[in-house]
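Data block below; observations after.
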Protein chains: 2
Amino acid sequence: MTGRFKPRLAPRPLDSVLRRLRSLSGLSEAEQDLVRNLSERRERHAAGDELIAEGQTGRRARFVVSGWACNQRVLPDGRRQIFSFLVPGDVFGLCERPAPPALSSVVALTALETVEAEPVVEAAQSGEAPGLARALAVARLLDQGLLFDHMVRLGRQTAYERVAHFLLELQRRLEQAGLGDSQRFPLPLTQEILADALGLSIVHVNRTLQQLRRERLIELRSGVAILLQPELLAGIADYRPTSLGRVPPAARTDRRPA
Amino acid sequence: MTGRFKPRLAPRPLDSVLRRLRSLSGLSEAEQDLVRNLSERRERHAAGDELIAEGQTGRRARFVVSGWACNQRVLPDGRRQIFSFLVPGDVFGLCERPAPPALSSVVALTALETVEAEPVVEAAQSGEAPGLARALAVARLLDQGLLFDHMVRLGRQTAYERVAHFLLELQRRLEQAGLGDSQRFPLPLTQEILADALGLSIVHVNRTLQQLRRERLIELRSGVAILLQPELLAGIADYRPTSLGRVPPAARTDRRPA
DNA sequence: CGGGGGTTTGACGAACGTCAATCGGGGTGG
DNA sequence: CCACCCCGATTGACGTTCGTCAAACCCCCG
């Protein structure tokens, strides 16, 4: 139990979902209402809970409403690799029916709230909610892009670059979900989790963070990250945000910039 | 010009495409004929040619008929990361219309032949070729799985494990395409390419291959790889092939193993 | 006051990268 | 046919990055 009472009826908690989807595509009022009325089938999980197991088949799409989760795989000897993080507003478990075996497991990293996304998925597929359909398609595409970014980090960047690049990515995503500003955002991850995402040891993550702090590029305190000099960080990490947000409704292929 | 004459009309060249698709889903005779008649819009490329540029939007799906290509990104300072390899039978450039900006570029690694896959894609989407639709869906899923496998290699495996794991993966894929047997397969990749895929330096790739050779686990000669002890390799690399090939036509979700 | 998870630090070693030289084979022009 | 050349493979020497081990520290909580 958390100490503070949270009203259950208000549309508030779905804010980040709505905000996220709107940042991906224009939505009609009806579409926005559909999202706001998703409050059914809400689920709460504790840190460490496995929401989807690798190989599981019966799953349904869900939105993260609050808290963080991740996609990961664990090797038999205990090593683990985190593929991606899920923050409020993100969708997961999205795929065609019947759902094929999951390729990775989804695990809660903090206390986590999710809601079933199927009403949105169905409205999108049936053609009655083209804005939502576009938003989901763009979300899928951006996820794929984040995976590639992560692979570049793992394969071709130093620990220093990896951490800087990763923090910039989180800043951008969380700002989009309405959970941070252009410099400051919540970061409820242990260094062990960071290590398993970035392909490093805990100790090395720690040292790298120390270095970034010493150089006055970042601050980390009690679950909040502050990027003191985002532009400098972006130069260090060669960070270039994928800018395909807001795809125009009807893309023309015959146009090109002079 | 290659010295040997190749007949252009025979269905032979599309063998690997057909074989691959059949390994993913049962196909009706009509569906198989559709694939066999794809010979139009054949294209030839030389090693190094860029088939799809990162960010490019107008592309169409194609099958690789012969030769190898890869998905990759290049950093401004010249470092590059290869995300995946495309071998005969593989499809690439597959996505909804209008095609969003490509998230990675596709580059020919050897002399390469491709054919347009759109007829197959359209038949699959229209519902008239459910077998092909399933095959394409499974192909997408397997590709995603390969990406995860690759990420585990990059983030959590040693050079030795990475190389072993990667070779096992290639063996399996190429055997499926009809291009190798349970131990032997073509490997027309330079050590530089391997390095850029596996997140290692050329020199270290070389040393790792030397070690695997010394230990009589593999042989490499003139573009052909031989896995002398696949089981041992699989143990070293914790290689577990994703076995979801041949998805049953109508999956039941209410069954579970006792 | 004690305990436990997460963080920090130091010492040390192994894995991997860099630099540079050499080797080797296939293609090419004389 | 042969000399040359170029790209890729190979090897050695050396430096750096990063991992491991272990201890201390810190803070929140019971």
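Just so it is clear: chains get the letters A, B, ... in the order the sequence lines come, proteins before strands, and each one is counted from 1.
Tested against A/E116, the residues A/R42, A/R60, A/R59 include a single salt bridge (Lys or Arg N to Asp or Glu O under 4.0 Å) partner, A/R60. Only one option out of A/R240, A/R162, A/R153 pairs with A/E169 in a salt bridge (Lys or Arg N to Asp or Glu O under 4.0 Å); it is A/R153.
Within 4.0 Å (heavy atoms only), B/L200 reaches sugar-phosphate atoms of the nucleic acid but no base atom. Among the protein residues, B/S201 comes within range of the nucleic acid bases, having at least one heavy atom under 4.0 Å from a base atom. Among the heavy atoms of the strands, none lies under 4.0 Å from A/I202. Residue B/G199 is in sugar-phosphate contact alone, with no base atom involved, counting any heavy-atom pair closer than 4.0 Å across all strands shown.
Rounded to whole Å, the distance from CG on A/L198 to C1' on D/dT17 is 15 Å. Distance A/R79 CZ to D/dG19 C1': 12 Å, rounded to the nearest Å. In this structure, A/L154 atom CG and D/dC18 atom C1' are separated by 15 Å, rounded to whole Å. In this structure, A/H204 atom NE2 and C/dA14 atom P are separated by 18 Å, rounded to whole Å. One interatomic measurement links the two molecules: CD of A/E161 to P of D/dT17, which rounds to 11 Å at whole-angstrom precision. In this structure, B/L220 atom CG and D/dG8 atom C1' are separated by 14 Å, rounded to whole Å. Note: CD (B/Q210) to C1' (C/dG24) measures 13 Å, nearest angstrom. One interatomic measurement links the two molecules: CZ of B/R214 to P of D/dT10, which rounds to 12 Å at whole-angstrom precision.
Side-chain atoms of A/R162 and base atoms of D/dT17 include no donor and acceptor less than 3.5 Å apart.
Listed pair A/R156 / C/dC16 fails the phosphate criterion, with no side-chain N or O lying under 4.0 Å from OP1 or OP2. OP1 or OP2 of D/dT10 lies within a sub-4.0 Å distance of a side-chain N or O belonging to B/R213. OP1 or OP2 of D/dT10 has at least one side-chain nitrogen or oxygen of B/N206 nearer than 4.0 Å.
If you check C/dC16, D/dT11, D/dC21 against the side chain of B/V203, the one that comes closest is D/dT11. Of the candidates D/dT10, C/dC16, C/dC19, the closest approach to any side-chain atom of B/T158 belongs to C/dC16. Closest approach to the B/Q191 side chain among C/dT8, D/dG12, D/dA9 is made by D/dA9 (side chain taken as heavy atoms from C-beta onward). Which of C/dT8, D/dT11, D/dT10 sits closest to the side chain of B/R207 comes down to D/dT11.
No hydrogens or angles considered: nothing links the side chains of A/Y239 and A/Q171 as a donor-acceptor pair under 3.5 Å.
Closest approach of B/Q72 to B/S104, counting heavy atoms only: O-CB, 3.6 Å.
Aromatic ring pairs are classed by plane angle as parallel below 30°, tilted from 30° to 60° and perpendicular above 60°; the pair B/F166 and B/H150 is tilted.
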